[in-house]
Each structure stands twice: as C-alpha cells, then as structure tokens.
Number of protein chains: 2
Amino acid sequence: MEERQARTAFAALSQETRLRIVRLLVQAGPDGMAAGAIAESVAVSPSNVSFHLKDLEHAGMIVPRREARSIIYSADFNGLRDLIAFLMKDCCAGHPEICAPALAAAQCGPSTAKKKARA
Amino acid sequence: MEERQARTAFAALSQETRLRIVRLLVQAGPDGMAAGAIAESVAVSPSNVSFHLKDLEHAGMIVPRREARSIIYSADFNGLRDLIAFLMKDCCAGHPEICAPALAAAQCGPSTAKKKARA
DNA sequence: CCTACAATTCAATAATCATTGAAATGAGGA
DNA sequence: TCCTCATTTCAATGATTATTGAATTGTAGG
C-alpha cells in the first residue's frame, strides 16, 4: 500500500459518520447493507450518506454491489488489512517480538478488546 | 476505547507528516527518537514537528519522555492496538472466522504485508 | 550565575472539508 | 412504455486544520 492511499483511508475513518458506517459494516460482515439502511442506521440524510459512502469507497474501506434497486455496501476486509499492515510495517526494526505482545489483542473478534492496564 | 478518541487518532494519522512520524517511531521501537532527530528525518521545521508531535501525543499514538535536554518520543503500541481493536470490534457479528483469514496478514513484522490477489 | 540549546507557544494566513436542499440519474415493476 | 423509488450529483455555505516565523520556556553545562 502506498502512503498516499493510507492517508486517504485514515482521513476517511476520522469523520464521525464515516467511522460509524465502517464499524457498522465491519460488524455486518460480507452480507453488507443497502445505502438507505445505512443512512437510517447512522441517522443522516441520503445525500450526506452518499457523499460519505463515495469517500469510503474511494479510500478502499468499503465495496459496493448492485442488488435489485438497491446498492449494497460491505466492508473491504482486504483494504482494512492492508491499512493496518502499512501502519505496522517493520515494527521494532524487524523484530516484531518486541511489540507483538502489545498488539496481540488487536485481532478482530467479539471480545478481544478487553480493558487492561496501560503501560 | 471511545469513538471520539478513535476519531482523533485516525485524524492524526491522516496527515502526511504525522503518519511519517508514527511509522518512523513504529519502526524505531521502544527506544524512540528525539524531537530534533524526528524533525530532521521527516524534513519539517522544529515548530511544525512540535505541533504534530503534540497532536499525536494527544491522540494516544506516541508517548514522550525527557532525557537530558532532549525529549524522546516513541510509538504507543498500546494505543495502536486499542485503535485497531476498536475498528475491528465484533467483526462479522461476532464470527471473526469469516473475516479472520482476510486479516491474518495484518500482524506486525518485517514482511507480513505481501502482495496478494485482492478479492 | 549565565550562556547555549532543544523544544514549544503564539498569532495570522491559506487551504481543505462537511453539510444542506434541490435537481438529476438510472434501474425495475406494472 | 411509463412511473416509482433508491441513490447520486451539484452549488453554496460554514467550519476546521496546516503552515510559517518570531518570541518564549526550560534544561543543562561552563
């Protein structure tokens, strides 16, 4: 992944509505959700959600597909993985065992994000 | 992690200089780097790097410590983990086995970010 | 104590971005 | 074909955010 695209992705995730959309779709999984359902779920106007969906698509965080009259969006898990990998690339100068323990809990799942004592 | 802080973190990472600083410090590991060395490494003015360092510190992405006359910054690996965990929380409605394969390569390390066929 | 240096603060400017409502597109069903 | 509905586009406005250079703080070493 190039730096430029990573910045676009982080910028996309830095906005309230867009972050909620991505998390909604991450939790929805591969089935995804229609644009209208997303708009209702995050409580913004159709016009505005369309604006943000395009931004997220351009950032490689979500992917659209047509289904009947609706357009279904789902999280782009490959894009998400690439973004995280870019951020963490060559961590600890190629000795990930140094920071791996601190990152172990970052794997996705229902309850991996536990509260813990911060260093 | 709260949504608000996650947004602050993503916004911090969305800026060219700040993203470079974080990746620099991720690769530098726990030893970290002095503010001046960071400024030189990313080629911006001391004033400007100070501005961005404060922003990254406030976002929980880096942590400072004093050492003689210098201030040494290092990546906050706990903060990075929390951010990733927040983004991926409850992925696939609590069935991470669906998306885990797509995210497996996101672990930090020297060469985990391989090129692969995107779905 | 006083000088030098590393880092930060400050005010002003320029640039980018989110939001709104109305109008337009385009795919399906009757 | 015609009509309906889901989504998108557009232009205008208001609100953040990055950058710059000068001035300031605070820490040490002589």
Side-chain angles (χ1 to χ4, degrees), chain A residues 3-25 28 31-76, chain B residues 3-25 28 31-76:
Chain A
E3 186 200 282
R4 171 85 197 198
Q5 188 178 351
R7 272 192 282 127
T8 303
F10 284 127
L13 296 172
S14 73
Q15 206 280 329
E16 184 173 12
T17 300
R18 286 194 297 259
L19 180 54
R20 286 179 182 165
I21 291 174
V22 170
R23 293 188 76 222
L24 189 66
L25 294 181
D31 287 352
M33 292 175 67
I38 295 171
E40 194 177 0
S41 194
V42 299
V44 300
S45 70
S47 159
N48 193 239
V49 92
S50 180
F51 171 80
H52 290 305
L53 286 171
K54 276 211 98 168
D55 198 57
L56 285 169
E57 182 185 348
H58 178 247
M61 299 289 94
I62 65 176
V63 62
R65 68 176 189 272
R66 178 169 279 280
E67 202 157 291
R69 282 193 222 182
S70 297
I71 295 186
I72 312 289
Y73 286 90
S74 42
D76 185 339
Chain B
E3 187 200 280
R4 171 84 196 203
Q5 187 177 352
R7 271 192 282 126
T8 303
F10 285 127
L13 295 172
S14 73
Q15 206 281 331
E16 184 173 10
T17 300
R18 286 195 297 259
L19 180 54
R20 286 180 182 166
I21 291 173
V22 170
R23 293 188 76 221
L24 188 66
L25 293 180
D31 288 352
M33 291 176 67
I38 295 171
E40 193 177 2
S41 195
V42 300
V44 300
S45 71
S47 159
N48 193 240
V49 91
S50 180
F51 172 81
H52 289 306
L53 287 171
K54 277 211 99 168
D55 198 58
L56 285 168
E57 180 186 350
H58 179 246
M61 299 289 95
I62 65 176
V63 61
R65 69 177 188 274
R66 179 169 278 280
E67 204 158 289
R69 280 192 226 183
S70 297
I71 295 186
I72 312 289
Y73 287 90
S74 42
D76 185 339

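Chain letters run A, B, ... following the sequence lines, proteins first, then strands; residues in each count from 1.
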Testing the basics here: between A:A12 and A:R18, what is the closest heavy-atom pair and its distance to 0.1 Å?
O-NE, 2.8 Å
So what does B:S70 hit on the nucleic acid, given a heavy-atom distance under 4.0 Å: a base, only sugar-phosphate, or nothing?
sugar-phosphate
Strictly below 4.0 Å: does B:K54 bring a side-chain N or O up to OP1 or OP2 of C:dA7?
no
If I take atom CD1 in residue B:I72 and atom P in nucleotide D:dT27, what distance separates them, rounded to the nearest angstrom?
15 Å
Give the B/S/- string for nucleotides 20-30 of chain C, one per nucleotide from 5' to 3', where a protein heavy atom under 4.0 Å of the base yields B, of only the sugar-phosphate yields S, and otherwise -.
BBB----SSS-
Result for 5'-nearest mapping on DNA chain C, choosing between B:Y73 and A:S14, is B:Y73
Identify whether any heavy atom of A:A34 sits under 4.0 Å from a base atom; if not, whether one sits that close to sugar-phosphate; answer base, sugar-phosphate or nothing.
sugar-phosphate
Tell me the interatomic distance from A:R7, atom CZ, to D:dA18, atom P, rounded to whole angstroms.
12 Å
For B:R65, I'd like to know if atom CZ has over 12 heavy atoms of other residues, nucleotides or ligands within 6.0 Å.
yes
B:R23 versus B:R20: any side-chain heavy-atom pair under 4.5 Å?
no
B:I71 atom CD1 is separated from C:dC5 atom P, nearest whole Å, by 18 Å
Length of the CE-P vector between B:M33 and C:dA7, whole Å
11 Å
Kindly point out which of C:dA18, D:dA18, C:dA7 is positioned nearest to the side chain of A:Q15?
C:dA18
Rounded to the nearest 0.5 Å, the CG atom of A:L13 sits from the CD1 atom of A:I21 at a distance of 11.0 Å
Tell me the interatomic distance from B:F10, atom CZ, to C:dC17, atom P, rounded to whole angstroms.
18 Å
Could you check whether any side-chain N or O of A:S41 sits under 3.5 Å from a backbone N or O of A:I38, counting only pairs where one atom can act as donor and the other as acceptor?
no
A:R65 CZ to D:dT7 C1', in whole Å, measures 16 Å
Interatomic distance where CG belongs to A:L53 and P belongs to C:dT19 [whole Å]:
13 Å
May I ask you to verify if any side-chain N or O of B:H52 is less than 4.0 angstrom from the OP1 or OP2 atom of D:dT19?
yes
I want to check something: taking the side chain as every heavy atom from C-beta on, are A:D76 and A:M61 in contact at a cut-off of under 4.5 Å?
no
Nearest whole angstrom, please: distance from the P of D:dA18 to the CG of B:L13.
12 Å
Got more than 12 heavy atoms from elsewhere within 6.0 Å of CD, B:E40?
no
